[in-house]
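So the structure is just underneath, and the comments pick up after that.
Read the numbers this way: they start at 1 and go in the same order the structure lists the ligands and their atoms. Model, not experiment: these values are computed from the prediction. Starting from 1, each residue takes its place in the sequence as its number. Scope of the values below: all heavy atoms of this structure, side chains included, with no hydrogens, waters or symmetry mates.
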Amino acid sequence: MKIDILTLFPKMCEEVLNTSIIGRAREAGLVEISCHNIRDFTDNKHRQVDDAPYGGGTGMIIQAEPVYMSYMHLEGKPHLIYMTPQGKPLTQDKIKELSKIENIAILCGHYEGIDERVIEELEPEEISIGDYVLTGGELPALVLIDAICRMIPGVLRNEEAYQNESHYDGLLEYPQYTRPLEWHGRKVPEVLLSGHHENIAKWQKKEAIKRTKLKRPDLLKD
Ligand code: ADE
């Protein structure tokens with residue numbers, strides 16, 4: 001899978017994407033990620049990408065042309081996603097769908113936004129990571145990429161547990177424990193020590209449902 005990020009802050013993205021599981025996945029060639037600086041596609045000597053909004057108002061708007069050119073220079077017309085609080089809320093189903101696409105580009109806005117005409121021209125899929133407003137699309141893009149990458153075969157060590165989520169689909173994860181057996185007077189549930197795989201699986205499913213009912217009852221509506 002190949003992911004291109006169109007951003008004004010490529011270093012910020014690189015730093016995160018070189019770390020931990022995603023960094024290892026890139027090194028292993030499981031995912032190819034490139035960060036492109038929108039500023040490299042300006043045609044003025046000051047490399048200015050933004051300008052004041054028509055109609056007045058505070059803040060600056062990213063101009064259409066450098067955004068357009070940064071996308072047009074990519075090979076093979078990747079599926080374009082625009083991170084914006086106006087987009088559809090991100091879900092695990094959407095992540096699964098996107099993880100099957102071979103070539104994705106993610107456009108990150110900054111400042112007060114992007115000239116509407118380039119959004120109309122490129123018709124990106126608009127995605128939001130939640131009903132709150134951040135200073136830019138870089139953190140949302142990194143959230144999206146992290147969630148997509150963990151779905152790519154080979155990225156996680158314990159693939160089945162994480163990826164084949166059909167068993168626990170739509171439910172929160174059951175509680176997990178590690179050594180010591182007893183901590184601050186709290187013991188690990190007996191069934192997990194039994195070695196009886198069927199009983200353990202039943203207990204985990206029951207706990208997943210119990211947790212979902214308690215913490216996120218809205219997920220059980222379907
Ligand atoms: N850019 C700024 N806020 C955002 C959000 N909540 N989701 C996606 N992109 C954003």
Side-chain angles (χ1 to χ4, degrees), residues 1-22 31 33-42 48-72 74 77-101 103-152 170 172 215-216 218-219:
M1 175 172 206
K2 178 156 183 12
I3 303 174
D4 291 288
I5 311 175
L6 307 176
T7 170
L8 288 172
F9 300 95
K11 272 195 205 147
M12 171 183 175
C13 300
E14 277 294 350
E15 186 69 31
V16 175
L17 297 168
N18 281 334
T19 307
S20 186
I21 294 173
I22 310 297
V31 58
I33 307 175
S34 309
C35 304
H36 309 270
N37 193 341
I38 296 171
R39 209 175 284 284
D40 292 341
F41 298 88
T42 51
Q48 190 180 336
V49 286
D50 57 346
D51 211 330
Y54 278 114
T58 51
M60 299 290 266
I61 308 297
I62 302 176
Q63 292 170 307
E65 186 64 7
V67 171
Y68 182 69
M69 291 312 293
S70 70
Y71 176 72
M72 293 311 283
L74 300 175
K77 276 204 140 215
H79 176 70
L80 182 62
I81 294 165
Y82 173 34
M83 304 312 299
T84 163
Q86 297 181 19
K88 282 228 180 88
L90 186 59
T91 62
Q92 191 63 34
D93 282 345
K94 175 50 77 178
I95 298 288
K96 273 185 205 164
E97 190 189 310
L98 294 175
S99 69
K100 291 178 191 132
I101 300 178
N103 211 343
I104 282 177
I106 306 173
L107 171 61
C108 308
H110 224 90
Y111 311 125
E112 288 307 303
I114 297 177
D115 190 313
E116 189 62 23
R117 291 167 294 184
V118 70
I119 304 301
E120 285 169 11
E121 181 78 15
L122 295 176
E123 296 184 301
E125 176 175 14
E126 299 188 8
I127 293 180
S128 162
I129 62 158
D131 288 338
Y132 43 84
V133 183
L134 300 167
T135 55
E138 284 74 18
L139 290 172
L142 293 169
V143 166
L144 179 66
I145 291 169
D146 188 287
I148 287 175
C149 285
R150 66 191 287 291
M151 302 303 289
I152 297 173
L172 301 182
K215 297 187 183 188
R216 289 291 307 276
D218 54 302
L219 293 178

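- Taking the side-chain contact (heavy atoms from CB on, under 4.5 Å) definition, one finds that I101 meets it with H79, L98, I104, sequence neighbours left out.
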Distance dump, ligand 1 polar atoms to protein, N/O, under 3.5 Å:
residue, atom, partner, partner atom, Å
ligand 1, 3 (N), L134, N, 3.0
ligand 1, 6 (N), G130, O, 3.1
ligand 1, 6 (N), Y132, O, 2.8
ligand 1, 7 (N), I129, N, 3.0
ligand 1, 9 (N), T84, N, 3.1

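- Residue pairs that meet the salt bridge (Lys or Arg N to Asp or Glu O under 4.0 Å) test with at least one member in residues 107-120, sequence neighbours left out, are D115-R117.
- G59 approaches P53 most closely through the heavy-atom pair O-CD, 3.2 Å.
- Looking at residues two or more places apart in sequence or on another chain, you find no side-chain hydrogen bond (donor to acceptor under 3.5 Å, both in side chains) involving R39.
- The environment of Q48 atom CD is dense: over 12 non-hydrogen atoms of other residues, nucleotides or ligands sit within 6.0 angstrom.
- Listed here is the closest heavy atom pair of E138 and F9: OE2-CD1, 3.8 Å.
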